[in-house]
Amino acid sequence: MAPKKKPESDPHGMFSGMVVFLVPKGVQSRRFQIWKERLVQMGAVIEERFSKRVTHVFAMHSDALLQQLDRERLSRFKGRVLLYQWLEDCLKSGEILSEDMYLLKLDSQGEHIPEKSLDPGLTNQRTSSDLQQLLNKKSKLSTEDTKIVKNESHDDDGKEKAVFSSTSTISSHGEVDSLSYGNTRQQHLDAENEASSLSYHPPDLNKNITEIFGKLVNIYRALGDDRRSFSYHKAIAVIEKLPFKIESTDQINNLPSIGKSMKDHVQEIMTTGKLSKLEHFETDEKVRTISLFGEVWGIGPSTALKLYEKGHRSLDDLRNDDSLTNAQKLGLKYFDDIGQRIPRHEAQEMEHILQKVGEDVLPGVVIICGGSYRRGKATCGDIDIIITHPDGKSHKGFLPKFVKHLKDMNFLREDLIFSSHSEEATDSGVDTYFGFCTYPGRELRHRIDLKVYPRDIYAFGLVAWTGNDVLNRRLRLQAESKGFRLDDTGLFPATQGSGGKRGAKGSASLKFNTEKEIFDFLDFPCLEPHERNL
DNA sequence: AATAATGTGGC
DNA sequence: GCCACA
DNA sequence: TATT
Ligand SMILES: [Mg+2]
Ligand SMILES: [Mg+2]
């Protein structure tokens, strides 16, 4: 017998192991038949029902998908939903491509946003500003958020993570925290996934790799090599999305952000379970010391290096160096304090204290806690306070009085930065205070930032100081792509001249009263604060 | 070899 | 130019 | 470091 030219099914084909369910809607029947045959030829199993065995679903678009399968089932589906295009491209290239770009997602249609519904008699949102909304809420019930906080890994802003966690013989404050990115990816498979998205996060397959890369992210950042740090950051994101455990570098051949060097590292980790490059860093006194020094407020990669070259090796060495700036000395003095995260409810209490004192100093003043608190985090690295006044005028000169009151009552303790522009209307009239505060009755220092914005640019301040940093960068890039420049004081037509100048804004800012108006203008999805933990 | 993840103020 | 902030 |  001659060997078969066209085997009905090849158990070693490139699609072997896949159990697929095909959504025919929107597909030319001829094409549908071809794809079906090719899948079978290459080792896939076609399932006629959307059963538990299914590992992949293919559809032309989300409408077709939803017509065939109900959201409930899909939300529990643990495989992947892909566009037929993936199939097409794989067949064209003759190899399995990354599925990442072909994931079919469902638009969430904002079903169950917990907050915001507490606004029964208020439909005048068309003309309402963020400021007005705050004022309305204030006069109704002061029950702040009943938000549902999920995110456990407090990765966010505030204190940067210790690069080397516990093994430091020099010092280490109580940051438990298994550092870095994708590791603590909870298996929140069912929890609140609902109909929001079908993107499926496999439990830490490849944790072996991403954990190590995550440490390199932090080390390179501490060394000031931001580009390299970010390269690892991107590689982690790509690897985390893979639906399989990497067992050969062939499997990561055409992935974005993963080049020769990354592949070599993956190879080494696969075979030895570790990365000599990392081991080297972690035992290198210079790297360890610079990383530690950089955790001090006011000391960055450059200063840390200089201090190392000066011969310093421990925080105690630094404490005996009088050349440190005052801010750096304070950062050193309260090194451990600052490393303590602030429980959400305490941040909320401090927000209330500030609101009460603020009202005494200037009736009508609006004071809210932004940053990670506003984004709904369970703990906060520091306290960010954003302030304005609805009359558009009396915010001027408020901050110095406010700070004095807060110091008199021992809430504010030491200063890092204090600048006032509101009286002269320089720097867009924004006043700034950076310093330390304490919770009533305690001595533990927390970092606190106070920012006062004129009413007319309040929305920009709110966006910027709610963050997170990643969102801010994305918004600013989006603004740039539209020929604008975004910062915490406004949105400006891009200056033509070299564009590089710092502080040259050319012309006046567009005027927006709400965060939504800013998002909308940039054609950026208007995210609720708790959705801004990017 | 250039570019990439922002823009700003204090120091 | 460094450092901080989101 | 990855990409162009
Ligand atoms: Mg530092
Ligand atoms: Mg913060």
Side-chain angles (χ1 to χ4, degrees), chain A residues 156-160 213 216-217 220-221 224-238 254-265 277 293-307 324-328 331 338 369-375 377 380-386 415-421 426-428 430-435 447-451 460-481 484-492 494-495 499-505 529 532-534:
Chain A
D156 64 289
D157 44 8
K159 188 69 177 167
E160 51 195 293
F213 281 14
L216 288 172
V217 167
Y220 280 122
R221 185 189 299 136
D225 193 342
D226 290 340
R227 287 274 138 72
R228 199 161 273 135
S229 171
F230 192 50
S231 288
Y232 280 98
H233 175 87
K234 284 182 290 189
I236 289 171
V238 170
N254 286 321
L255 295 181
S257 302
I258 300 197
K260 168 146 182 25
S261 177
M262 293 291 178
K263 269 182 296 196
D264 288 348
H265 292 336
K277 185 191 192 73
F293 289 176
E295 291 175 47
V296 176
W297 200 94
I299 298 178
S302 178
T303 308
L305 173 59
K306 285 172 188 153
L307 292 167
L324 297 195
T325 67
N326 280 334
Q328 288 164 343
I338 299 173
C369 189
S372 50
Y373 174 84
R374 185 158 182 251
R375 299 199 306 274
K377 291 290 192 170
C380 307
D382 63 8
I383 302 286
D384 302 296
I385 301 295
I386 313 158
D415 310 336
L416 291 169
I417 282 175
F418 191 1
S419 76
S420 182
H421 293 274
T426 51
D427 186 19
S428 306
V430 177
D431 287 347
T432 301
Y433 176 89
F434 288 179
R447 277 279 297 105
I448 185 168
D449 301 334
L450 310 178
K451 298 285 288 189
F460 294 100
L462 202 51
V463 168
W465 283 84
T466 296
N468 61 7
D469 57 344
V470 175
L471 175 65
N472 282 342
R473 277 195 288 255
R474 286 195 197 164
L475 289 174
R476 289 164 192 201
L477 285 172
Q478 180 81 356
E480 184 190 39
S481 77
F484 287 85
R485 173 164 295 219
L486 175 69
D487 65 25
D488 68 325
T489 68
L491 184 58
F492 310 86
T495 64
K501 262 282 205 176
R502 212 165 60 155
K505 277 161 191 167
R532 301 181 198 176
N533 295 301
L534 304 182

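Just so it is clear, the values below take in all heavy atoms, side chains as well, and ignore hydrogens, waters and symmetry mates. Just so it is clear, the structure is predicted and the values come from calculations on it, not from any experiment.
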Figure out the [atom1]/[atom2] separation between [X] and [N], and round it to whole Å.
X        : N     : atom1 : atom2 : answer
A:Arg227 : D:dT3 : CZ    : C1'   : 12 Å
A:Asp226 : C:dC3 : CG    : C1'   : 12 Å
A:Lys451 : B:dT8 : NZ    : C1'   : 8 Å
A:Phe434 : B:dT8 : CZ    : P     : 15 Å
A:Lys306 : C:dG1 : NZ    : P     : 11 Å
A:Phe230 : B:dA4 : CZ    : P     : 12 Å
A:Phe460 : B:dG7 : CZ    : P     : 15 Å
A:Asp427 : C:dA4 : CG    : P     : 20 Å

message: Looking at A:Asn472 and C:dA6, is any side-chain donor or acceptor paired with a base atom of the opposite kind under 3.5 Å?
response: yes
query: Would you say the side chain of A:Arg228 and the base of D:dT1 hold a donor-acceptor pair, judged only by whether the two atoms sit under 3.5 Å apart?
result: no
task: Carefully, step by step, assess A:Ser257 and A:Met262 under the rule side chain to side chain contact (heavy atoms under 4.5 Å, CB included).
output: CA-CA 8 Å; A:Ser257 302; A:Met262 293 291 178; over 6 Å; no
Considering only [options], which nucleotide approaches the side chain of [X] most closely?
X        : options             : result
A:Ser261 : C:dA6, C:dC3, D:dA2 : D:dA2
A:Asp487 : C:dC5, B:dG7, B:dA5 : B:dG7
A:Arg473 : C:dC3, C:dC5, B:dT6 : B:dT6
A:Tyr232 : D:dT1, C:dC3, C:dA6 : D:dT1
A:Asp384 : C:dA6, C:dA4, B:dG7 : C:dA6
A:Asp449 : C:dC5, B:dA5, C:dC3 : C:dC5

task: Starting from the C-alpha separation in whole Å, work towards a yes-or-no answer on side chain to side chain contact (heavy atoms under 4.5 Å, CB included) for A:Arg532 and A:Asn468.
output: CA-CA 6 Å; A:Arg532 301 181 198 176; A:Asn468 61 7; 5.6 Å; no
- request: Take A:Arg474 and A:His421, find for each the nucleotide of DNA chain B with the closest heavy atom, and name the residue whose nucleotide sits nearer the 5' end.
  value: A:Arg474
query: Starting at the 5' end of DNA chain B and moving along, which residue's nearest nucleotide shows up first, A:Phe492 or A:Ser231?
result: A:Ser231
Do any side-chain nitrogens or oxygens of [X] fall under 4.0 Å of OP1 or OP2 in [N]?
X        : N     : answer
A:Arg375 : C:dA6 : no
A:Ser419 : B:dG9 : no
A:Thr303 : C:dC2 : no

Strictly distance-based, threshold 3.5 Å: is any side-chain N or O of [X] a donor or acceptor partner for the main-chain N or O of [Y]?
X        : Y        : value
A:Arg476 : A:Asp487 : no
A:Asp382 : A:Asp449 : no
A:Thr466 : A:Leu462 : yes

Base, sugar-phosphate alone, or nothing: which one does [X] contact when heavy atoms must sit under 4.0 Å apart?
X        : value
A:Arg532 : nothing
A:Leu475 : nothing
A:Ile258 : sugar-phosphate
A:Leu462 : nothing

- request: Please measure how far the P atom in C:dA6 lies from the corresponding atom in B:dA5, and state the result in whole Å.
  value: 22 Å
message: Between A:Tyr373 and A:Asp384, do the side chains contain a donor N or O and an acceptor N or O under 3.5 Å apart?
response: no
